[in-house]
**Q** 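First the structure, then my questions, so here it is.
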Amino acid sequence: MTFPYDDQPDDNAPPRRPTGPQGGSRPVPPPGGPRFGDAPTTRMPAASDRSFPNRPGQRPNPSEAPTQQFSADAIRRGPGGPGPGRPVPPPPSGRGPGGPGGPGGPGGSGPAGPPPRRPAQGSSRWRTFRRVLYGFVAIFMVIPMIVFLIAYALVDVPHPGDISTNKVAAINYSDGSPLSNFVPPEGNRVEVKLDQVPEGVRNAVLAAEDRDFYSNPGFSVSGFGRALRDNLLGRDSAGGGSTITQQYVKNALVGSERTITRKMKELVISTKMSREWSKDEILEGYLNLIYFGRGTYGIAAASQAYFNKPVEELTVAEGAVLAAMIQRPSQLDPETNPTEAQARWNYVLDGMVESGTLSAADRASTQFPVLAPLGSTGDPNQDKGPEGLIKSQVLNELAEAGISEQSLYTDGLTVTTTIDRAAQESAVESVKTNLEDQPEELRAAVVSVDPKTGAVRAYYGGMDGQGLDYANAGLQTGSTFKVFGLAANLEQGIPLSKMYDSSPLTVNGISIGNVEGESCGTCTIAEALKRSLNTSFYRMQIQMEDGPNKIADVAHRAGIPAEIPGVGKTLTEPDDAGPNNGIVLGQYYVRALDMASSYATLAASGIYRAPHFIQKVVTADGRVLLDRGNPAGERTIDEAVADNVSSAMRPIAGWSNGHNLADGRPSASKTGTAQLLDTGENKDAWMIGYTPSLSTAVWVGTGQNLPLRNSYGGPIYGSGIPSDIWKETMDGALDGTEVESFPVPGEIAGQAGVPDYTAPYTPPSTTVAPSTTTVPQIVIPPSIEIAPGVTIPLPQIGPQRTPQQTPAQPTPAQPTPAQPTPEAGNGAGGTGAGTGNGGAGAGAGAGGAGPGAGTGGAAAVPIPVR
């Protein structure tokens, strides 16, 4: 027996069915009429709720409104009145059928029925989504698959041995006349069979380029997807992720044009080639075709160029070196870029361990091999002159633009460079003329840059086109760096009329002086720049707010890169500790290319344009792969600052032994000389200057850190041979062009340009006691004379450093030419013919004044050069 108010169904309870939209349920009468107790009822809550709203004495819970039920009798009534009949379902309207009196009678209201069914909005949206999805599938899967299958059926894959890649690539001057050619000599491409290549070398190539080579279908789905995405998005890095088969097809058959059509063609041929050729045939063709740098094509020629041995004798370590270079051949030569080359070499060996082709024990014992010197095994008939170094720069720039070296031949490229024929011939001829009767160990570098475009107009890094490029090597800049200190001071609102004491001073134990005791007393910073007075510029720097960092910042904005291959981070102490106070006197390493470019920014009134060697690249069939146009440039230095610096530099060419340009052409320039440690000898000398349309940097030094002396045995300064080369290069390059004037500089703190008053000339004095200035402590190495007038004492202050870690310079990661120290002002004349940095002395003797300025911070460490 159940509780009277229990809502649990029993075995005899009639089934319930839903009523109207309000919910609830009602009993379904059994067949044959109503059962005992049938009457209009109200369904009660479940007994488990323990709430009985209809129980006597208990108040109903308003939140639990009863659900109306209909009795079986009402259900059985016929339409319009009482009497037996079939159960009547609720009409769609929710109204009763009507009848006299009571429920179901005439005018009565029946139970509520379900509302009319409406179409669901979700189903309509789903249909739209499915249609869009089908469209995407058709566009991105079905149609490409159909196109792929058609192309697969139509394309012809050549047989092994039928592929020819011999196309001449031309390098032209800016006027279209020939400068050089890229011709792969057949003698430099030796075909070898795959079994002649040691297995370890083959495995190294697979670890570097395609670790799934023997199992993939000839293409990489993920690599193709990345290439497709990057091409659609127009990214500069479009491409990559290719298998060895794809690389072979690209280099031998379809070229490197960065288009979806070319990539699809590469994919189709790679897939079909994988079915028609064996994997060994593909790998053999690839190893005989690919470019390895140093002008070599194929692994046999590369083995001779890098290790001077036949390919059969290559070790795993040597094979890993060659494999590592395939990615960027000219940029990963271990002799010119040891850091990145060894990192890539380690990547290859680690990949061999992961692939199971090299044991961990053998990997741990593998040492980086010794290479044959660069140029010692090259083709003696190619690139023996300065054009060889230009070609290297062109190759680097092509790689940066995403144009592979291999495409030079497969596409038969014509590369129009920015090199101006007249400027280049003037640079080369002036070096030959001025070094002809000089000691044979002297070397020179000349770089000319167009301030209006950033185009490199002349480039000379040495006569050996396959040797060391002195124009691209890190060198200390000496007093030529003072112009950036001046620019930083002007940016802080200090005009050229600011007066500074030029007497000797001592800073944290460092003695700062000028050559031969030169002094102007207290004179303007413009006069101090002309005379290149170390003491004035050192005082200027320590009075500036955060002087060393401000100078470094201006130099970087002008065009000095933050990092240089072979040098590392620039204008900073080791471990990126920031610049030393010696920065204003030129203690850090910079290339001649960078100095020409950064001075060009000043010539362009503060607008920087990146230096470049390539103007245009066109394939044999007329497709343009690269066109520089006229770069807009970026303002990185305030116009008034740059123009005031130029104003201060304008008198220096004439002050430096009369090196004004021909035809009265105005110029702005600065000399610099670096001393060979504490020997009292010079080791490097500079002259850098510009007109509004050409900036030229000239360096003269040796490759062995030898004392820098001329044929008469006298020291060479920036105002000597370097200035002679600079003037002849500039005059030849600008001959017949318009004579341009510099813009009138804007005011800084009320002063525009060089003030009329500077200071009277003060003869050098040997009795002036040095002043003492206290600035924040800096690291100082043992005491030596680092330049004329600049000496640093023992004991060392600060943490100990090895000679390669002294604050004087960041130690390069590779051999560089003799690294300059700074230069200083002029001497007092006397009977000597020479002067310092534009000195005033005259006469026939050898004396006079000498340039050279201290590095101000620490001693330079000589870097041996090979």
**Q** Looking only at side-chain N and O atoms, does Ser532 offer a donor or acceptor that is under 3.5 Å from a partner on Lys670?
**A** yes

**Q** Can you see which heavy atom on Thr729 is nearest to which on Ala427, and at what distance?
**A** OG1-CA, 3.6 Å

**Q** Can a side-chain donor-acceptor contact be found between Ser646 and Tyr690 if the only test is distance below 3.5 angstrom?
**A** yes

**Q** Counting only N and O atoms by type, is there a donor-acceptor contact under 3.5 Å from the side chain of Ser656 to the main-chain atoms of Ala653?
**A** no

**Q** What closest approach, in Å, do Arg443 and Gly703 show between heavy atoms, and which atom pair accounts for it?
**A** CG-N, 4.3 Å

**Q** Is there a side-chain contact between Ile716 and Pro722 (heavy atoms, below 4.5 Å)?
**A** yes

**Q** Restricting to side chain to side chain contact (heavy atoms under 4.5 Å, CB included), what partner residues turn up for Arg650, sequence neighbours left out?
**A** Pro666, Ala668, Phe742

**Q** A side-chain contact here means heavy atoms from C-beta on lying under 4.5 Å apart; do Thr570 and Val590 qualify?
**A** no

**Q** Check whether any side-chain N or O of Thr679 sits under 3.5 Å from a backbone N or O of Leu676 as a donor-acceptor pair, and report yes or no.
**A** yes

**Q** Measure the spacing between CH2 of Trp686 and OG1 of Thr480 and express it to the nearest 0.5 Å.
**A** 6.0 Å

**Q** Would the distance check show the side chain of Asn644 and the main-chain N or O of Gly753 forming a donor-acceptor pair, the cut-off being under 3.5 Å?
**A** yes

**Q** Does Tyr588 form a side-chain contact (heavy atoms from CB on, under 4.5 Å) with Val567? I'd like the steps, not just the answer.
**A** CA-CA 10 Å; Tyr588 295 110; Val567 173; over 6 Å; no

**Q** Output yes when a side-chain donor or acceptor of Asn660 lies under 3.5 Å from a complementary backbone atom of Gly654, and no otherwise.
**A** yes

**Q** Heavy atoms only: give me the nearest Met595-Thr477 pair and the separation to one decimal.
**A** SD-CG2, 3.8 Å

**Q** Sequence neighbours left out, what passes ring pair (Phe, Tyr, Trp, His ring centres under 6.0 Å) with Tyr599? Give chain and number order.
**A** none

**Q** Sub-3.5 Å donor-acceptor pair from the side chain of Asn710 to the main-chain atoms of Tyr712, do we have one?
**A** yes

**Q** Is any side-chain heavy atom of Ser597 less than 4.5 Å from a side-chain heavy atom of Tyr608?
**A** yes

**Q** Work out which heavy atom in Asn657 is nearest to a heavy atom in Ser719; give both atom names and the distance.
**A** ND2-O, 3.4 Å

**Q** More than 12 non-hydrogen atoms from neighbouring residues, nucleotides or ligands closer than 6.0 Å to CG on Asp663, yes or no?
**A** no

**Q** Mind listing the closest non-hydrogen atom pair of Gly582 and Gln587 along with its distance?
**A** CA-OE1, 2.9 Å

**Q** Quick one: OG on Ser667 to CG on Leu694, what's the gap to the nearest 0.5 Å?
**A** 11.5 Å

**Q** Would you say Asn489 and Tyr500 are linked by a side-chain donor-acceptor pair, where the criterion is simply a distance under 3.5 Å?
**A** yes

**Q** Output, in order, the C-alpha distance, side-chain angles, deciding distance and verdict of side-chain contact (heavy atoms from CB on, under 4.5 Å) for Leu486 and Leu496.
**A** CA-CA 8 Å; Leu486 180 60; Leu496 295 178; 3.7 Å; yes

**Q** Treating Thr636 as the side-chain partner and Arg557 as the backbone partner, does any N or O pair qualify as donor plus acceptor under 3.5 Å?
**A** yes

**Q** Determine whether Ile510 and Asn581 make a side-chain contact, defined as any pair of heavy atoms from C-beta on separated by less than 4.5 Å.
**A** no

**Q** Quick one: does Leu442's side chain get under 4.5 Å of Leu708's, heavy atoms only?
**A** yes

**Q** Is there side-chain contact between Ile725 and Met687, with heavy atoms separated by less than 4.5 Å?
**A** no

**Q** With side-chain contact (heavy atoms from CB on, under 4.5 Å) as the criterion, how do Val744 and Asp643 come out once you've worked through the C-alpha distance, each side chain's angles and the decisive distance to 0.1 Å?
**A** CA-CA 7 Å; Val744 177; Asp643 290 344; over 6 Å; no

**Q** Please round to the nearest 0.5 Å and tell me the distance separating atom CH2 of Trp726 and atom OG of Ser448.
**A** 10.5 Å

**Q** Between Glu491 and Lys550, is the closest basic N to carboxylate O distance under 4.0 Å?
**A** no

**Q** Nearest 0.5 Å, what's the OG1-CD distance between Thr696 and Glu728?
**A** 12.5 Å

**Q** Side-chain contact test, heavy atoms from C-beta onward, threshold under 4.5 Å: evaluate it for Asp638 versus Leu490 and give yes or no.
**A** no

**Q** Any luck finding a side-chain donor-acceptor pair between Glu740 and Ser693 under 3.5 Å?
**A** yes

**Q** Does Gln541 reach the main-chain N or O of Gln543 with its side chain, forming a donor-acceptor pair under 3.5 Å?
**A** no

**Q** Within the supplied structure, the quantity of interest is the number of heavy atoms (other residues, nucleotides, ligands) at a distance under 6.0 Å from Glu563 CD; does it exceed 12?
**A** yes

**Q** Say you draw a straight line from CD1 of Ile564 to CG of Asn472; how long is it, rounded to the nearest 0.5 Å?
**A** 8.5 Å

**Q** Taking atom types as modelled and ignoring hydrogens, do the side chains of Ser502 and Ser519 form a donor-acceptor contact shorter than 3.5 angstrom?
**A** yes

**Q** Counting N and O atoms only, with roles assigned by atom type, does the side chain of Thr673 sit under 3.5 Å from a partner on the main chain of Tyr717, one being a donor and the other an acceptor?
**A** no

**Q** Taking all non-hydrogen atoms of both residues into account, name the closest pair between Pro579 and Asn549 and its distance.
**A** CD-OD1, 3.1 Å

**Q** Working note: Thr524 + Val754, criterion side-chain contact (heavy atoms from CB on, under 4.5 Å); need CA distance, chi angles, decisive distance, verdict.
**A** CA-CA 9 Å; Thr524 65; Val754 177; 5.9 Å; no

**Q** Counting only N and O atoms by type, is there a donor-acceptor contact under 3.5 Å from the side chain of Glu527 to the main-chain atoms of Cys520?
**A** no

**Q** Find out whether Ile652 and Leu529 are in side-chain contact, i.e. whether some heavy atom of one side chain is under 4.5 Å from a heavy atom of the other.
**A** yes

**Q** Give, for atom OG of Ser479 and atom CG of Asn534, the distance between the pair rounded to the nearest 0.5 Å.
**A** 5.5 Å

**Q** Are any side-chain N or O atoms of Arg609 and backbone N or O atoms of Pro611, one a donor and one an acceptor, separated by less than 3.5 Å?
**A** no

